[in-house]
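By convention in this document, chain letters (A, B, ...) are assigned in the order of the sequence lines, proteins followed by strands, and residues within each chain are numbered from 1.
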Protein chains: 2
Amino acid sequence: MSIVFSQNSPIYLQLVEIMKLKIVIGVWPVGEKVNSVRDLALLFEVNPNTMQRALAELERQGFLYAERTAGRYVTKDQQLIEDTRHGMAEAYIVDFCENMKELGYSKDQIIDLIIKEAK
Amino acid sequence: MSIVFSQNSPIYLQLVEIMKLKIVIGVWPVGEKVNSVRDLALLFEVNPNTMQRALAELERQGFLYAERTAGRYVTKDQQLIEDTRHGMAEAYIVDFCENMKELGYSKDQIIDLIIKEAK
DNA sequence: GTTACTGTATTAAGCATTTAATACAACAAT
DNA sequence: ATTGTTGTATTAAATGCTTAATACAGTAAC
């Protein structure tokens, strides 16, 4: 897979964000089984312990659940997934606007720049 | 000052970003003297060594320069400052749009949401 | 029943960050 | 000359992240 991890935050937290994204956009579908800890560790090229830690965190947040010896599954809670998708978008928007205003850009300038970038 | 530092990235790098922002938006004006390492460390409530490391990084990037025993000053390079301001904005925009598209939002949806948020 | 695969747990080592406690050389003010 | 302020450097300890190397219990397949 050869992901380049940032040096400035723990790999296990980056894994959490990457896998959470796969869940909220449906690449890992609701209720479906995910690969084993060891396979995911190979896939993402990290140590199994690091992957285990990321999976435990996703479990703590409700996005995955483990069945002791049968494997690990994506949550069946569609509501959580959709709420998370909207929550992430809202957080991106608020952060972005705050950052731009801090940098001295007006509301109209922000809108103009986004229209230029997005189209 | 009581800044809440994120636990997920080194404090010295967060200090770099905070102080760089002060420079590019003119809170710390071009050519002006900045407080001493020890005073800044007190102000930001971090260890002097951590502040020293952040200042050394800002120096490496050209935003500050030290005069051995006289103190430390903001660069006089207006061009660097303005280029950095625009570069930061551009990076924010690109990141934001990428993140939103990853989350499944279309260009038009992004623009709509920004207009709602920014106005 | 043996084998292979689950998730989970433990111990140890290496590394970067942070803090603490000093120390030194250069210069300004007195 | 002394005192106080610069930036800078060093050593040590604590902590968290990462990797490595195992180990164990439960289940499915054969």
Ring pair (Phe, Tyr, Trp, His ring centres under 6.0 Å) involving Tyr73(B) - partner list, sequence neighbours excluded:
Tyr65(B)
Heavy-atom side-chain proximity of Ile93(B) to Met100(A) below 4.5 angstrom
yes
Just the rounded figure in Å: distance from P of dT6(D) to NZ of Lys33(B).
7 Å
So do Met88(A) and Thr84(A) actually touch side chain to side chain, heavy atoms under 4.5 Å?
yes
Taking DNA chain C as the partner, which of residues 48-63 of chain B come within under 4.0 angstrom of it by heavy atom?
Asn49(B), Thr50(B), Arg53(B)
I want to check one thing: is the phosphate of dT6(D), taken as OP1 and OP2, less than 4.0 Å away from some side-chain N or O of Ser36(B)?
yes
Atom-pair distance (CZ on Arg38(A); P on dT6(C)), nearest Å
7 Å
Arg72(A) side-chain N/O to dC5(C) phosphate OP1/OP2 under 4.0 Å:
no
If I compare all heavy atoms of Thr75(B) with all of Val30(B), which pair ends up nearest, and what's the gap?
O-CG1, 3.5 Å
Find the distance Gln7(B):CD to dT19(C):P and express it as a whole number of Å.
11 Å
May I ask you to decide whether Arg60(A) forms a salt bridge with Glu57(A), counting only side-chain N to carboxylate O separations under 4.0 Å?
yes
Take the protein atom CD of Gln14(A) and the nucleotide atom P of dC17(D), then report the distance between them rounded to whole Å.
13 Å
Rounded to whole Å, please give me the gap between CG in Asn47(A) and C1' in dC15(C).
15 Å
Between Asn8(A) and Val37(A), which has a closest nucleotide on DNA chain C that is more 5'?
Val37(A)
What is the distance, to the nearest angstrom, from the CD atom on Glu67(B) to the C1' atom on dT5(D)?
15 Å
Can you list every pair that meets ring pair (Phe, Tyr, Trp, His ring centres under 6.0 Å) and has a residue in residues 83-111 of chain B, with sequence neighbours left out?
Phe96(A)-Phe96(B)
For Tyr12(A) and dG16(D), what is the distance between atoms OH and P respectively, to the nearest whole Å?
10 Å
Nearest-angstrom distance from the residue atom CG of Leu42(A) to P of dT19(D)
12 Å
Using heavy atoms to find the nearest nucleotide of DNA chain C for Pro10(B) and Ala70(B) separately, return the residue whose nucleotide is more 5′.
Pro10(B)
Can you check whether Glu67(A) reaches Lys33(A) side chain to side chain, under 4.5 Å on heavy atoms?
no
